[in-house]
Amino acid sequence: MLNIHQIPVLSDNYIYLLHDTDSNQTAVVDPALAEPVLEKLNALGLSLTYILNTHHHSDHIGGNATLKKVTACQIVAAESDHNRIPQIDIPLKEGDSFQLGSATATVIATDGHTLGHIVFWFKAANALFCGDTLFAMGCGRLFEGSAEQMWHSLNKLAVLPSNTQIYCAHEYTENNGYFALSIDPKNADLKARMQHVKQQRQQGLATVPFSLAEELATNPFLNAKTYLEFAEIRQQKDNFVN
Ligand code: ZN
Ligand code: FE
């Protein structure tokens, strides 16, 4: 069985610790920082086997070097990012699978936010670690890829089982929701979701993970019919002031 622990760091990042109880192997997804991960490992009595990186941004790999030095773990990341993510031990590409003990992840390439962005889908655990590709009611900014690439990437995620739980790397939900409402104000699912999200945030609670089904009902980026429509919405979001 795969146990998942969420570690909030910086202003709005989430790091995830994955523990396969069958093998006792442990992975950390996108360690922005090392210290909070070492503390959590310590508290849980776990030792780190792997770092999984979704992409090269510093708020996703900032803890890599220290964690590798302290724990001798292996770094798992996109083959194509070998010049930007130091010390990759296990390079991966679209369609590869990765074993965390008895838990299998399928690697899906999701160019858009960056080129070389990958996500890890643990099918049996119903869990998707998607970095900065898909957010609750939003998606990552286009720093390197085109709108067409990001639209294709989101479409690959949209067809996963709708009960998939999505573990993204940032708590951007509330702000994303205000934007989504601005372009889809009559969406009853969206209005209900935002009410709940506002309550959660007032109580300081995480709104992540969430289900793909919720996204399909409320995420304007995931529902764009063409990449041109997607591009238009993405541009509006880039200029959106809440
Ligand atoms: Zn990023
Ligand atoms: Fe990020």
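Both ligands and their constituent atoms are indexed starting at 1 by order of listing.
A donor atom on one side chain and an acceptor atom on the other are found under 3.5 Å apart for S102 and D20. When only modelled atom types and interatomic distance are considered, Q200 and T207 share no side-chain donor-acceptor pair under 3.5 Å. In this model, no donor atom of one side chain and acceptor atom of the other lie less than 3.5 Å apart for D111 and S153.
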Show me the donor-acceptor pairs, under 3.5 Å and distance only, between side chains in residues 33-45 and residues at least two apart or in other chains.
none

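Near-neighbour remark for the Fe ion (ligand 2): protein N, O or S atoms under 2.8 Å are D59 OD2, H60 NE2, D132 OD2, H170 NE2; waters not counted. Within the sub-2.8 Å shell of the Zn ion (ligand 1), the protein contributes these N/O/S atoms: H55 NE2, H57 ND1, H113 NE2, D132 OD2.
Using a cutoff of 4.0 Å between basic side-chain nitrogens and carboxylate oxygens, K68 and D89 are scored as salt-bridged.
Taking the six-membered ring for Trp and thresholds of 30 and 60 degrees, Y227 and W151 have ring planes inclined between 30 and 60 degrees apart. Below 30°, between 30° and 60°, or above 60°: for H60 and H170 the angle between ring planes is above 60°, a perpendicular geometry.
Contact between L67 and P31 at its shortest, heavy atoms only, is CD1-CB, 3.5 Å.
Legend: side chain to side chain donor-acceptor pair (under 3.5 Å) pairs involving residues 155-169, not counting sequence neighbours, sorted by first then second residue: E94-K156.
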